[in-house]
Amino acid sequence: MGAAAQLEISAMLESVLPLESAEAFEKANPVGKDGKVRFDKDGEEKREDEMIKILMKEKGISVIVLGGGHDLSDRMKLSSVQYVRVSSKQYEGVSRH
């Protein structure tokens, strides 16, 4: 749970819950059993769709921490949801290359 667990431990978050099932994570995992990296766009989109479904079940404010390659803004179409994506300048610089 990485950064999210650190925020919970420091009492900055009330609780930390999984944002996806192990099955969705495994289907989207780009590292195969042979160790080769293969990006599966369909698998990643299904994984992000599951994240949205889980988020929609929660009440109040939810804070999620994802890697820089994730951008859920195109999937957050409900008017009752405010999605704010934060990225560092360092990541933006590295990801452009």
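From a predicted model like this one, the values you see are computed outputs, not experimental measurements.
Rounded to the nearest 0.5 angstrom, D40 CG and N29 CG are separated by 10.5 Å. Residue K53 holds its NZ atom at 10.5 Å from OG of S21, rounded to the nearest 0.5 Å. Going from atom CG of L13 over to atom OG of S62 covers 10.0 Å, rounded to the nearest 0.5 Å. Annotation: the span from E26 atom CD to E20 atom CD amounts to 9.5 Å, rounded to 0.5 Å. Atom CG of L55 and atom CG of L19 lie 5.0 Å apart (nearest 0.5 Å).
Residues Y83 and I52 fail the side-chain proximity criterion, which asks for heavy atoms closer than 4.5 Å. Looking at heavy atoms from C-beta onward, L7 lies out of side-chain contact with V16 at the 4.5 angstrom threshold. Proximity of L17 to I54: side-chain heavy atoms (C-beta onward) are nowhere separated by under 4.5 Å. Side-chain contact check for R85 versus S73: every heavy-atom pair is 4.5 Å or farther apart.
For the salt bridge (charged side-chain N to carboxylate O under 4.0 Å, His left out) test, residues two or more places apart in sequence or in another chain that qualify with E44 are R47. Residues meeting the side-chain hydrogen bond (donor to acceptor under 3.5 Å, both in side chains) test with S87, sequence neighbours left out: E92.
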(request) Quick one: do M51 and H70 satisfy side-chain contact (heavy atoms from CB on, under 4.5 Å)? Show the steps, please. (result) CA-CA 11 Å; M51 291 176 184; H70 293 282; 4.3 Å; yes

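In plain terms, the two heavy atoms of A28 and G43 that are nearest each other are CB-O, 3.6 Å.
Contact check on E50 versus K46 returns no salt bridge, with no Lys/Arg side-chain nitrogen under 4.0 Å from an Asp/Glu carboxylate oxygen.
Residues M56 and L66 are members of one and the same hydrophobic cluster, defined by side-chain heavy-atom contacts under 4.5 angstrom among Ile, Leu, Val, Met, Phe, Trp and Tyr.
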